[in-house]
Amino acid sequence: MNPAAEPGIRAGLPPEEMRRLAGFAVSRAGARQWSVDDLAWDALRPEELTETDSSVVRFITFIEDHIPGYLTYFLEAFPVSGGDQAIEEFCFNREYFRFLISWANDEERHASVLTRYQIEAGISDPDTLMRELAEEGRKKFALPYETPVQAFTYTLVQEKATQLFYQRFKAVATEPVLRDLLHRLARDEARHFAFYSELVGAYIERHGLGATVANLKDVLATFRMPLADTLKGYWRWSMKVTDATSYDHTEAYDALVRLVTGFAGESGRASAADLTEFVHRIRAI
């Protein structure tokens, strides 16, 4: 996806709006930074890990460690070098880049802390884990979307789903360092979700529900969690993970429905109701 490829697509928001949203998100991230070394590693109790716990940690490490692929996708979709972009388009991408770097720093920390957890807990050893992650990490990440609001909506849902998953996993885990780790991960994902929620809300406010809901529905109709189509054994593995944590990623769709409903005045009620019904149909499949 290249938002500048067609004159009719483009960013769809003024760069000043992205500057406001990204600036606030980056500032908020700076005030909530934490380090891998902040965890009480001496308190780790590997004997409290179940076989399922270890399997889930391995699974989410693959997901988080793919950050180079995710970042590459967004940098290609919203380029900040080369090409012949209009100055407005470049400014929009440049302001978004400020958030992307902050977000990538969070996600790289997630990958690092999960990698260290596996090693400290005896789930894997450094050399084996490095090669396992590389085998999956070298696979290309892509999304099938044509417009910026679709890419942003995908990320809104994905960040919310990940936040919910970490909260659910924490509720069933007993190992103390793992519980602390999951709390920190969920808190970061909540911040990311907040940014994308505000960003998608800005599109709705500027273009109206009627012009935006079709894009949102396209995302929900095709939504897959990251690596669903590339990680070896993903579907069987993910089913075991969701059974163990009583997690359903479609719960994240409710956040999008609530966002849309919040913008539904008299002229938007039909569109909001249509999206709500669409989500109900997806869950019934």
Side-chain angles (χ1 to χ4, degrees), residues 1 3-4 10-35 38 64 67 70-71 73-81 85-111 113 143 145 147-164 166-167 183-209 211-212 215-216 219 226 252-265:
M1 183 195 73
R10 305 183 68 80
L13 283 180
E16 293 80 7
E17 183 69 3
M18 179 58 83
R19 181 176 61 196
R20 180 183 70 81
L21 294 173
F24 180 70
V26 170
S27 176
R28 185 163 48 187
R32 292 166 172 78
Q33 287 297 301
W34 55 278
S35 166
D38 289 342
E64 294 284 0
I67 180 57
Y70 307 144
L71 182 59
Y73 165 79
F74 282 105
L75 290 177
E76 291 176 350
F78 300 91
V80 287
S81 65
Q85 301 160 286
I87 192 68
E88 288 285 304
E89 201 71 17
F90 179 85
C91 288
F92 178 91
N93 294 350
R94 182 66 180 88
E95 297 302 328
Y96 182 44
F97 178 83
R98 301 181 199 281
F99 170 81
L100 283 177
I101 294 304
S102 173
W103 165 77
N105 180 59
D106 286 345
E107 300 296 345
E108 180 60 28
R109 184 172 59 247
H110 296 179
V113 73
L143 294 175
Y145 303 124
T147 69
V149 72
Q150 288 176 322
F152 297 149
T153 299
Y154 172 87
T155 315
L156 177 158
V157 174
Q158 183 269 321
E159 295 285 359
K160 187 63 177 181
T162 308
Q163 176 200 346
L164 292 172
Y166 288 146
Q167 291 172 335
H183 173 73
R184 293 170 187 269
L185 298 184
R187 189 172 57 189
D188 284 351
E189 305 296 3
R191 280 194 291 102
H192 303 160
F193 162 75
F195 167 75
Y196 281 105
S197 182
E198 292 165 359
L199 183 53
V200 172
Y203 274 90
I204 295 172
E205 192 166 29
R206 186 173 184 85
H207 299 288
L209 281 179
T212 310
N215 282 297
L216 309 188
V219 173
Y253 297 177
D254 293 336
L256 185 60
V257 170
R258 288 193 296 271
L259 176 65
V260 168
T261 302
F263 283 92

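In what follows, every heavy atom counts, from backbone to side chain, and hydrogens, waters and symmetry copies are set aside.
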Nearest heavy-atom pair of [X] and [Y]: which atoms, and what distance?
{"X": "V219", "Y": "Y145", "value": "O-OH, 3.6 Å"}
{"X": "A151", "Y": "Y73", "value": "CB-OH, 4.1 Å"}
{"X": "A252", "Y": "A161", "value": "CB-N, 3.6 Å"}
{"X": "Q163", "Y": "A186", "value": "CG-O, 3.6 Å"}

Within-4.5 Å side-chain heavy-atom neighbours: [X] and [Y]:
{"X": "T147", "Y": "Q150", "result": "yes"}
{"X": "F99", "Y": "F195", "result": "yes"}
{"X": "P14", "Y": "F92", "result": "no"}
{"X": "V157", "Y": "F193", "result": "no"}
{"X": "R187", "Y": "W34", "result": "yes"}
{"X": "V26", "Y": "I101", "result": "no"}
{"X": "R184", "Y": "D38", "result": "yes"}

Does F90 have any ring-ring contact (aromatic ring centres under 6.0 Å, His included) partners at least two apart in sequence or in another chain, and if so, which? none

From [atom1] ([X]) to [atom2] ([Y]), nearest 0.5 Å:
{"X": "C91", "Y": "R19", "atom1": "SG", "atom2": "CZ", "value": "9.0 Å"}
{"X": "L209", "Y": "F263", "atom1": "CG", "atom2": "CZ", "value": "8.0 Å"}
{"X": "E76", "Y": "L71", "atom1": "CD", "atom2": "CG", "value": "10.0 Å"}
{"X": "Y166", "Y": "H110", "atom1": "OH", "atom2": "NE2", "value": "7.0 Å"}
{"X": "E107", "Y": "D188", "atom1": "CD", "atom2": "CG", "value": "7.5 Å"}
{"X": "E17", "Y": "R206", "atom1": "CD", "atom2": "CZ", "value": "8.0 Å"}

I'd like to know whether F97 forms a side chain to side chain contact (heavy atoms under 4.5 Å, CB included) with L75, so could you lay out the CA-CA distance, the side-chain angles of the two residues, the decisive distance to 0.1 Å, and finally the verdict. CA-CA 8 Å; F97 178 83; L75 290 177; 3.7 Å; yes

Check the pair L156, L259 against side chain to side chain contact (heavy atoms under 4.5 Å, CB included), reporting the backbone distance first and the verdict last. CA-CA 11 Å; L156 177 158; L259 176 65; 4.1 Å; yes

Look at the rings of F152 and F78 and say which category their plane angle falls in: under 30° parallel, 30 to 60° tilted, over 60° perpendicular. parallel

According to the interplanar angle, ranging from 0 to 90°, do the rings of W103 and F74 count as parallel (below 30°), tilted (30 to 60°) or perpendicular (above 60°)? perpendicular

Tell me if a side-chain donor or acceptor on [X] pairs with a main-chain N or O of [Y] at a distance below 3.5 Å.
{"X": "S102", "Y": "R98", "value": "no"}
{"X": "N93", "Y": "P79", "value": "yes"}
{"X": "T153", "Y": "V149", "value": "yes"}
{"X": "T162", "Y": "Q158", "value": "yes"}

Which pairs, with at least one residue in residues 254-265 and sequence neighbours excluded, count as a side chain to side chain donor-acceptor pair (under 3.5 Å)? D254-R283

Side chain to side chain donor-acceptor pair (under 3.5 Å) evaluation trace for R109 with Q33: CA-CA 10 Å; R109 184 172 59 247; Q33 287 297 301; 2.9 Å; yes

Non-neighbouring partners of R28 that pass side chain to side chain contact (heavy atoms under 4.5 Å, CB included), sequence neighbours left out: F24, R32, R191, A194, E198

